[in-house]
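Atoms considered below: every heavy atom in the structure, side chains included; atoms not considered: hydrogens, waters and symmetry mates. Atoms within each ligand, like the ligands themselves, are counted from 1 in listed order.
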Amino acid sequence: MPAVLIDGKAIGLKIREGAKARTAVLRERGIVPCLAVVLAGEDPASLSYVSAKERALAEAGMESRDIRLPASTTEAELLALIAELNRDEKVHGILVQLPLPAHIAEDRVITAIDPAKDVDGFHPVSVGNMVLGRPGFLPCTPFGVLTLLRELHIPLAGAHAVVVGRSNIVGKPLANLLTRKDVNATVTICHTGTKDLARFTREADILIAAAGKPALIKPDMIKKGAAVIDVGVNRVPDSTAKKGYRLCGDVDPAAVEQAGYITPVPGGVGPMTIAMLLQNVVQAAERRTI
Ligand code: NAD
C-alpha cells in the first residue's frame with residue numbers, strides 16, 4: 001500500500017486558526033501582535049518566503065512591519081535597526097530573513113535580537129533554553145515537524161528517529177527536540193561525514209531528511225512503513241515549468257511505495273514552518289502583556 005500523504009497545509013491551517021483566535025483575544029484588549037520582517041537584498045527565494053509569511057500574518061489578524069533593505073546595507077546599519085526594533089514597544093517579534101548578504105555576520109545580527117522577540121528561535125539564549133528544556137521560542141521548522149508528528153499520533157516514544165542534516169536551523173534543533181523526555185525518541189544524526197548513510201536510514205521508524213540534496217533518499221533506504229518527513233526544498237531546473245524550475249524535496253518521490261507516511265514537497269513541512277511562526281509571534285505578544 002502506498003504511503004499516507006501528510007497534509008501539512010491542513011494541519012498548518014489548524015495551528016494558524018489557533019493563533020488567529022489568540023490574536024482576536026489580544027486585539028480586544030487593544031494589542032495587535034506585530035512582527036518586524038527584515039529582508040536585506042533581493043534573493044528570489046527569500047522574497048517569496050517573506051511574502052508568504054506576511055500574507056499569513058495578515059490572515060491571522062497580525063501586523064507585519066515590512067523592512068526591505070538594499071544588499072549594500074552595512075552590518076552596523078543592520079545592527080542599529082535591530083536595536084531600534086528591540087526598543088519599539090509595538091514590535092513583539094523580529095525576523096531577519098536568512099541568508100544575509102555575505103559581508104554581514106549572521107551570528108552577530110541574530111545575537112543582537114532581544115531574546116524576548118526572537119520568534120525564529122535562533123538566538124543563543126533561545127537555543128540554550130531549548131536544550132535545557134526551559135520555556136522559550138522553538139525554531140519554527142523543527143517545531144513544525146514535531147507538531148506534524150504529534151498531530152498524526154505517530155508513535156514517538158521509543159521510536160528510532162534518524163535525522164539527515166545537522167544545520168543549526170533544522171537538523172540540530174530537531175534532533176534535540178526529539179530526545180526530550182516528553183517525546184522520548186532515540187535519535188541518530190547523519191551528516192556529510194556519515195559513512196554508508198543507507199545503513200542508518202534503513203533503521204529509522206521516523207526518517208527526517210534535511211540535507212538540501214534533491215532525491216537523496218531513495219526507496220531502498222527506507223524501512224517499510226516508516227514515517228518520512230521531507231524538509232528539503234530544492235529548486236531543480238525544469239524547462240517545462242513556467243518559472244524554469246520546480247521544487248523538489250530530499251526524498252525521491254518513488255519512496256511513496258515504501259513509506260507508511262510521507263510529506264509532499266511542497267505542501268508538507270513548509271506550511272508548518274509558517275504556522276509555527278504565527279504561533280511564536282502571538283506567544284511573544286501574550287508574554288509581554290501578562
Ligand atoms: P544546510 O545546507 O545548512 O544543512 C544541510 C545538512 O545536511 C548539513 O548539516 C550536511 O551535513 C547534511 N548533508 C548534506 N548532504 C548530505 C549527504 N549527502 N548525506 C548526509 N548528510 C548530508 O541546510 P538547512 O538550512 O538545514 O536546510 C536543509 C533543507 O531544508 C534545504 O533544502 C532547505 O531549503 C530546506 N528547508 C526547508 C524549510 C521549510 O520550511 N520547509 C525550512 C528550512 C530549510
- Item | Candidate pair Ile6 and Ile262, rule side chain to side chain contact (heavy atoms under 4.5 Å, CB included), full reasoning | CA-CA 6 Å; Ile6 298 175; Ile262 197 162; 6.0 Å; no
- Where is the nearest protein heavy atom to atom 26 (O) of ligand 1: which residue, which atom, and how far? Ser167 OG, 2.5 Å
- Item | Polar contact flag, side-chain donor to acceptor under 3.5 angstrom, Thr188-His160 | yes
- Task: Give the residue, atom name and distance (to 0.1 Å) of the protein heavy atom nearest atom 7 (O) of ligand 1.
- Result: Ala211 CA, 3.2 Å
- Message: Students should be able to answer this: which protein heavy-atom is nearest to atom 32 (O) of ligand 1, and at what distance?
- Response: Val233 N, 3.0 Å
- Which salt bridge (charged side-chain N to carboxylate O under 4.0 Å, His left out) pairs, counting each pair once, include a residue from residues 146-168, with sequence neighbours left out? Lys14-Glu151, Arg150-Asp182
- Query: Closest non-hydrogen protein atom to atom 8 (C) of ligand 1, residue and atom name please, with distance?
  - Reply: Arg166 N, 4.0 Å
- Task: Of all the heavy-atom pairs spanning Val37 and Ser64, show the shortest one and how long it is.
- Result: CG2-CB, 4.3 Å
- Basic-acidic side-chain contact under 4.0 Å: Lys223, Glu203: no
- Pull out every atom of ligand 1 sitting under 4.0 Å from any heavy atom of Asn234, numbered as shown with elements. 32 (O)
- Query: Where the closest heavy atom to atom 36 (N) of ligand 1 is concerned, which of Ile229, Val231, Val164, Leu216 has it?
  - Reply: Val231
- Message: Checking the N or O distance criterion of under 3.5 Å, is ligand 1 in contact with Asp250?
- Response: no
- Query: Which residue and non-hydrogen atom of the protein lie closest to atom 31 (C) of ligand 1, and at what distance in Å?
  - Reply: Gly212 CA, 3.6 Å
- Please work out which of Leu247, Thr141, Thr192 has its closest non-hydrogen atom nearest to atom 13 (N) of ligand 1. Thr192
- Task: Verify, without hydrogens or angle tests, whether Asp250 (side chain) and Gly212 (backbone) share a donor-acceptor contact under 3.5 angstrom.
- Result: yes
- Short list, please: which atoms of ligand 1 are under 4.0 Å from a heavy atom of Ile169? 25 (O)
- Identify whether Ile11 and Ile206 are in the same connected component of the hydrophobic contact network (ILVMFWY, side-chain heavy atoms under 4.5 Å). yes
- Query: Please state which protein non-hydrogen atom is closest to atom 15 (N) of ligand 1 and give its distance, to 0.1 Å?
  - Reply: Lys213 CG, 3.6 Å
- Item | Which of the ligand 1 atoms, numbered from 1, are nearer than 4.0 Å to a heavy atom of Val170 | 26 (O), 43 (C), 44 (C)
- Item | Approximate separation, where rounding is to 0.5 Å, of Asp118 CG and Asn129 CG | 10.0 Å
- Using non-hydrogen atoms of the residue, decide whether Gly270 is closer than 4.0 angstrom to ligand 1. yes
- Counting from 1 in the order shown, the ligand 1 atoms closer than 4.0 Å to a non-hydrogen atom of Thr273 are 39 (C), 40 (O)
- Query: With Arg180, which residues qualify under side-chain hydrogen bond (donor to acceptor under 3.5 Å, both in side chains), at least two apart?
  - Reply: none
- Query: Relative to atom 12 (C) of ligand 1, which among Cys190, Gly165, Gly268, Pro99 owns the nearest non-hydrogen atom?
  - Reply: Gly165
- Under 3.5 Å: N/O of Tyr49 near N/O of ligand 1: no
- Query: Donor-acceptor pair, Ser51 side chain versus Leu47 backbone, under 3.5 Å?
  - Reply: yes
- Would a search of protein heavy atoms around atom 2 (O) of ligand 1 find one under 4.0 Å away? no
- Item | Residue-ligand contact Thr194/ligand 1, heavy atom below 4.0 Å | no
- For ligand 1, the portion of His191 having any non-hydrogen atom under 4.0 Å away: both
- Query: Can you list the steps and then say if Asp230 with Thr263 is a side chain to side chain donor-acceptor pair (under 3.5 Å)?
  - Reply: CA-CA 6 Å; Asp230 191 353; Thr263 54; 5.5 Å; no
- Rounded to the nearest 0.5 Å, how far does CD1 of Ile82 lie from CD1 of Ile110? 9.5 Å
- For ligand 1, which atoms, with element, lie under 4.0 Å from some heavy atom of Ala210? 5 (C), 6 (C), 7 (O), 28 (C)
